[in-house]
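Have a look at the structure below, then the notes.
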Amino acid sequence: MLCNQSKNGCGSLLLFNISHDLCGTMMSVRTRFAPSPTGMLHIGGVRTALFSWLYARHCSGTFILRIEDTDRERSTPEAVRAILEGMQWLGLTPDEGPFYQTERYDRYHEVIERFLAQGLAYRCYCSKDELDAMRAEQQAAKQKPRYDGRCRHRQSPVAGIEPVVRFKNPAQGEVVVQDLVHGPIVFQNMELDDLIILRSDGNPTYNFCVAVDDMDMRITHVIRGDDHINNTPRQQNMLAAMGADIPIYAHLPMILGPDGAKLSKRHGAVSVLEYRDAGFLPEALLNYLGRLGWSHGDQEIFSLDEMVEFFELKDVNKSASALNPDKMAWTNQQHLMQAPQDRLAAELSIQLAGRGVDVGNCDLGLIVAAQRERAKTLAEMADNSLFFFSAPSVYEPKAAAKNLTPETADILVAARTELIALADWMPETIHRALQQLAESRGVALGKVAQPLRVAVVGSGVSPPIDQTLAILGRAEVVKRIRSAEAFIQAGMPARP
RNA sequence: GUCCCUAUCGUCUAGAGGCCUAGGACACAACCCUUUCACGGUUGCGACACGGGUUCGAAUCCCGUUAGGGACGCCA
C-alpha cells in the first residue's frame with residue numbers, strides 16, 4: 001500500500017506549478033475531511049468539510065471522510081455519530097470512508113518499525129518531569145520550547161520506562177509549504193523538534209497518522225483550517241521520509257464568532273444539528289458558510305450546483321471572518337423562497353409536530369406558499385402559522401384595542417354575512433367580496449381586512465387576508481368572527 | 001518569549017498598478033409598492049490600519065510599525 005515514489009528536492013515545487021491545471025486533467029483530485037470525534041460537528045468544521053467537498057466535486061474528484069480518533073481518552077462514539085449525522089443532513093456525503101484511524105494501527109506500527117529500522121526515528125525515555133523542566137528552562141531563556149533530542153543517540157533502554165518513539169526531524173535546511181491560498185510559506189527545520197509519533201501506551205499520534213493516511217489515501221489536496229499551518233512542515237518531513245509525494249495544501253482562514261472572538265459555546269449553536277432544528281435549510285447554511293472566505297464576484301445566493309460549478313481554491317480569502325447571524329438568516333430566507341413547496345411542507349410539518357400541533361389533513365403546501373417569504377427560518381414559519389391550527393385564545397391587546405371595537409363590530413357582522421353567502425371559498429372570491437364591502441362603505445380595504453385579521457388570527461400580522469381566510473376554511477372563519485363579536489360585546493361597556 | 005499567519009464600510013466581500021469620486025450583500029435610516037407583516041424597488045449612511053519606499057501613477061508591489069489571530073502537548 002506504500003507508494004514508493006522517489007522524490008527529488010524540487011518535487012513539491014513542480015507539483016505546485018502544475019496544480020492549477022490539475023483539476024480534471026492529468027491526475028484525479030482526492031480531498032479529505034478529517035475531524036476528530038472529541039466534540040460536536042460545528043460551523044467551522046462544516047465549512048472545512050464544505051470546501052473539501054466542493055473542490056472534489058468541482059474537479060470530478062473524490063471526497064474522503066476520515067475520523068481521526070487516535071486520542072482514545074477524548075474520542076467518543078456519540079461524537080462520531082453526530083459528525084456522520086451532520087454530514088448526512090448537509091448532503092456532504094463521502095465517496096470513500098468513513099475511515100477510522102483506530103482501525104489502521106497495524107499500518108502505523110508497520111511504518112514506525114520501518115522508521116526505527118532505517119534510523120528515521122528513535123526511542124525516547126525522557127520522563128514527563130524531565131520534559132517539563134526542559135520546557136520551563138527554555139521559556140525562561142526566551143526560547144521556543146522544543147525537545148532537544150537528547151535521546152537521539154541513546155544506545156540502551158532505560159529500565160522500568162516504557163519509551164515513546166520520536167521522528168528524527170532534519171536538523172538543517174528549510175521546508176517550503178506550497179499553499180494554494182497563502183502562497184509559499186517557509187519554515188526552518190531548526191524551528192522544528194523531534195515530535196512524538198508513538199505514545200508510550202502504544203497509540204500513534206496525530207501528525208504521524210495524518211502523514212501516513214494522506215499518503216495511503218493518495219490525497220492530492222489537503223484542505224483544512226489554518227491552525228494547521230504549523231503542523232504542515234512536520235508532516236511534509238515525514239511524508240518525505242516515507243518517500244511519498246507532497247500533496248498540495250490549502251489552509252482556510254478561521255471562522256470567528258459574531259463578536260470577532262474565537263468561536264465558542266458562548267456563540268449559540270454548537271452543533272450543526274442545532275441549525276437544522278432551528279429551521280435552517282442545509283443548502284442555505286452551506287451557501288452562507290461558503291460565502292465566508294470564498295466569493296464569486298458579487299453573487300450572494302448560490303444553489304449547491306452553482307457553488308460546485310464556480311468553486312476555485314484561488315478565490316478563497318486569507319483572513320479570518322466573523323459569523324453574521326442576520327445575514328445567515330437572510331440567506332436562509334432567500335432559499336426558503338426558492339425551495340420546492342412540498343419539501344418545505346414536510347419540514348414545516350416536523351416543526352409543527354414539535355410544537356404539539358396535530359396537522360391532520362391540512363394542506364401545508366398552502367401555508368408554505370403563504371408564509372415562505374415571511375419567515376427567516378422554518379421554526380419562525382411554524383410559530384407564525386400556529387393560528388391556522390387553533391383559534392386565538394387571547395387577542396393581542398394593542399391590535400384588539402384598535403381593531404376589535406364597537407365601531408368595527410358591525411363591519412365584522414357585515415363581513416361574516418357576506419362570507420357566509422359566498423358561492424365558493426376561493427381567495428379571489430373572498431377578495432372580491434371584501435373589496436366590495438369596503439367600497440360600499442366608502443372605506444379602504446384595510447378598514448375591513450384589519451379587524452377581520454385580528455378576529456381570525458388574534459394579532460395584526462398574517463399573510464394576505466383572503467389567503468388566510470381561504471386556508472382556514474369557511475366554517476372556522478365564521479366561528480372565529482363570532483367569537484370576536486362576542487369579545488367586543490363582553491369587553492366594551494355599553495354606552496349610556 | 002519564539003515561530004507562523006492576517007489586515008478594504010459595524011459584518012461578509014469585489015478589487016490581480018491607471019477602469020476607484022473604491023463596487024455588491026447583511027444590518028441601519030428614509031421613501032415607493034401595499035389590506036397587516038413580509039417580499040420587491042429607489043435613495044442615504046458607511047472602509048483601503050499607520051509610516052516609508054518603488055512607479056508618471058498604488059487599495060493593489062516592497063520594507064517597517066501597529067493591531068489581531070494561530071502554533072509551540074505522550075490533543076487533534
Side-chain angles (χ1 to χ4, degrees), chain A residues 34-39 68-71 73-75 101 124 126 128 131-132 135 138-146 162-166 177 179 182 185-188 190-193 195-201 203-207 209-210 225-233 251 253-254 256 258 260-262 288 291-301 315 317-331 333-334 337 371-376 384 399 403 431 434-435 438 444-450 452-454 457 459-466 468:
Chain A
S36 71
T38 53
E68 310 218 320
D69 51 357
T70 52
D71 184 348
E73 303 273 298
R74 297 191 299 157
S75 297
Q101 290 188 321
C124 166
C126 294
K128 282 194 168 119
L131 296 174
D132 287 345
R135 260 180 230 119
Q138 287 162 332
Q139 267 167 352
K142 298 185 188 257
Q143 288 170 336
K144 187 180 194 171
R146 48 199 289 284
E162 197 56 50
V164 299
V165 174
R166 287 183 186 270
V177 177
D179 190 296
H182 292 272
I185 306 169
V186 182
F187 294 86
Q188 299 302 319
M190 275 173 51
E191 296 289 336
L192 275 22
D193 61 359
L195 75 162
I196 292 173
I197 58 177
L198 186 71
R199 298 178 176 94
S200 50
D201 65 3
N203 279 300
T205 61
Y206 167 73
N207 279 110
C209 295
V210 167
D226 66 13
D227 50 338
H228 287 284
I229 286 181
N230 292 290
N231 291 324
T232 311
H251 286 101
M254 299 279 91
L256 311 171
K262 196 175 162 184
Y288 175 74
R291 280 288 288 103
L292 236 41
W294 171 79
S295 59
H296 180 70
D298 283 340
Q299 187 168 347
E300 295 287 352
I301 300 302
D315 295 324
N317 257 189
K318 290 194 273 234
S319 49
S321 42
L323 243 26
N324 182 339
D326 285 330
K327 188 162 179 180
M328 194 191 291
W330 173 81
T331 306
Q333 182 174 33
Q334 295 300 310
M337 290 191 285
Q371 296 282 44
R372 62 191 314 163
E373 61 193 29
R374 273 169 251 273
K376 295 198 188 296
N384 294 345
N403 292 294
H431 183 260
L434 297 180
Q435 188 90 57
L445 183 52
K447 294 286 181 199
V448 177
Q450 216 43 19
L452 260 181
R453 188 178 332 262
V454 178
V457 324
S459 83
V461 175
S462 86
I465 195 65
D466 45 358
T468 303

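Chain letters run A, B, ... following the sequence lines, proteins first, then strands; residues in each count from 1. Hydrogens, waters and symmetry mates are skipped; everything else that's a heavy atom, side chains included, is used.
- Taking the side chain of A322(A) as heavy atoms from C-beta on, and the options rC12(B), rC3(B), rU6(B), the nearest nucleotide is rC12(B).
- Residue H182(A) places at least one side-chain N or O under 4.0 Å from the OP1 or OP2 atom of rU6(B).
- Of the candidate nucleotides rC74(B), rA76(B), rU35(B), rA76(B) has the atom lying nearest to any side-chain atom of Y206(A).
- Across all strands shown, rC28(B) is found opposite rG44(B) as a Watson-Crick or G-U wobble partner, with both distances under 3.5 Å.
- OP1 or OP2 of rA14(B) sits under 4.0 Å from a side-chain N or O of N317(A).
- When both distances must be under 3.5 Å, the Watson-Crick or G-U wobble mate of rC37(B) does not exist.
- Side chains of H228(A) and V210(A) form no contact here, defined as non-hydrogen atoms less than 4.5 Å apart.
- Between rU8(B) and rA49(B), the two P atoms lie 6 Å apart (nearest whole Å).
- Heavy-atom minimum distance, R374(A) versus P464(A): NH2-CD, 3.4 Å.
- Within the shown strands, nothing qualifies as a pairing partner of rA14(B) under the Watson-Crick or G-U definition with both distances less than 3.5 Å.
- Contact check, Q333(A) against rC39(B): a side-chain N or O comes under 4.0 Å of OP1 or OP2.
- Within 4.0 Å (heavy atoms only), G293(A) reaches sugar-phosphate atoms of the nucleic acid but no base atom.
- N203(A) comes within 4.0 angstrom of no nucleic acid atom, judged by non-hydrogen atoms across all strands.
- As judged by a 4.0 angstrom heavy-atom cut-off over every strand, S295(A) is placed among residues touching the sugar-phosphate backbone only.
- By the 4.5 Å heavy-atom criterion applied to side chains, L323(A) and L292(A) are counted as neighbours.
- Atom CZ of R199(A) and atom C1' of rC75(B) are 7 Å apart (whole Å).
- Closest-nucleotide positions on RNA chain B for T38(A) and A141(A) were compared, and the one nearer the 5' end corresponds to A141(A).
- On a pure distance criterion of 3.5 Å, no polar donor-acceptor pair joins the side chain of S321(A) and the base of rC12(B).
- One finds a side-chain N or O of T70(A) lying less than 4.0 angstrom from the OP1 or OP2 phosphate oxygen of rA76(B).
- Closest to the side chain of D298(A), out of rC72(B), rG23(B), rU35(B), is rG23(B).
- Atom CD in Q101(A) sits about 8 Å away from atom P in rA76(B), given to the nearest Å.
- Side-chain contact between R291(A) and T331(A) is absent, with no heavy-atom pair separated by less than 4.5 Å.
- When rounded to the nearest whole Å, the span between CE of M190(A) and C1' of rC72(B) equals 15 Å.
- Nucleotide rC20(B) is matched to nothing when pairs are restricted to Watson-Crick or G-U wobble geometry with both distances under 3.5 angstrom.
- When the side-chain nitrogen and oxygen atoms of R146(A) are compared with OP1 and OP2 of rC3(B), none of them lie within a distance under 4.0 Å.
- Of the candidates rG24(B), rC5(B), rU35(B), the closest approach to any side-chain atom of I185(A) belongs to rC5(B).
- Counting any heavy atom pair closer than 4.0 Å across all strands shown, F187(A) reaches sugar-phosphate atoms only and no base atom.
- Nucleic acid contact for H251(A): none, since no nucleic acid atom lies under 4.0 Å from a heavy atom of the residue.
- Nucleic acid contact class of E191(A) (heavy atoms, under 4.0 Å, all strands): sugar-phosphate only.
- Two residues are said to be in side-chain contact when any heavy atoms from C-beta on lie closer than 4.5 Å; N203(A) and T70(A) fail this criterion.
- For M190(A), the CE atom counts as loosely surrounded, since its 6.0 Å shell holds 12 or fewer non-hydrogen atoms of other residues, nucleotides or ligands.
- Distance CD1 (I229(A)) to P (rC72(B)): 13 Å, rounded to an integer number of Å.
- As a whole-Å value, the separation of Q188(A) CD from rC4(B) P is 8 Å.
- Contacts of M328(A) with the nucleic acid, taken as non-hydrogen atoms under 4.0 Å apart, are absent.
- In this structure, of rA14(B), rC75(B), rU36(B), it is rU36(B) that holds the atom nearest to the side chain of V461(A).
- Minimum atom distance to the side chain of D226(A) is reached by rC5(B), of the listed rU36(B), rC5(B), rC12(B).
- Atom name C1', nucleotides rA59(B) and rC50(B): the rounded distance is 14 Å, in whole Å.
- Rounded to whole Å, the P atom of rG10(B) lies 15 Å from the corresponding atom of rA22(B).
- Taking the side chain of A449(A) as heavy atoms from C-beta on, and the options rC74(B), rA27(B), rU35(B), the nearest nucleotide is rU35(B).
- Closest-nucleotide positions on RNA chain B for L292(A) and L198(A) were compared, and the one nearer the 5' end corresponds to L292(A).
- In this structure, a donor-acceptor pair under 3.5 Å is present between the side chains of Q450(A) and R453(A).
- With hydrogens and angles left out, the side chain of D227(A) and the base of rA76(B) share no donor-acceptor pair within 3.5 Å.
- Residue R135(A) places its side chain closer to rG73(B) than to any other of rG73(B), rU2(B), rU35(B).
- One can place NZ of K327(A) at 9 Å from P of rA25(B), the figure rounded to the nearest angstrom.
- rG69(B) and rC32(B) have their P atoms separated by 46 Å, given to the nearest Å.
- At a threshold of 4.0 angstrom between heavy atoms, the contacts of P253(A) with the nucleic acid are absent.
- Rounded to whole Å, the separation between the C1' atoms of rC20(B) and rG57(B) comes to 13 Å.
- Nucleotide rG51(B) is matched to rC63(B) when pairs are restricted to Watson-Crick or G-U wobble geometry with both distances under 3.5 angstrom.
- Residue K144(A) places no side-chain N or O under 4.0 Å from the OP1 or OP2 atom of rC4(B).
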(message) One pair to check against side-chain contact (heavy atoms from CB on, under 4.5 Å): W330(A) and N324(A). What are the steps and the verdict?
(response) CA-CA 10 Å; W330(A) 173 81; N324(A) 182 339; over 6 Å; no
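- Atom CG of D315(A) and atom P of rA16(B) are 13 Å apart (whole Å).
- For S36(A), counting side-chain heavy atoms from C-beta on, the closest listed nucleotide (rU35(B), rG10(B), rA76(B)) is rA76(B).
- Rounded to whole Å, the separation between the C1' atoms of rG24(B) and rG15(B) comes to 12 Å.
- Side chain of Q334(A) to backbone of I301(A): no donor-acceptor contact under 3.5 angstrom is found.
- Pair assignment for rG57(B) gives none, since no Watson-Crick or G-U wobble pairing has each distance under 3.5 Å.
- Between the P atoms of rG18(B) and rC3(B), the separation comes to 36 Å (whole Å).
- Side chain E300(A) to base rG24(B): a donor-acceptor pair is found below 3.5 Å.
- When side chains are defined from C-beta on, E300(A) counts as touching K327(A), because their heavy atoms get closer than 4.5 Å.
- Picking from rC37(B), rU11(B), rU6(B) the nucleotide with the shortest atom distance to the side chain of K318(A) gives rU6(B).
- Using N1 to N3 plus N6-O4 or O6-N4 for Watson-Crick, or N1-O2 and O6-N3 for G-U wobble, each under 3.5 Å, rG68(B) pairs with rC5(B).
- Whole-Å rounding puts the L192(A) CG to rA71(B) P distance at 16 Å.
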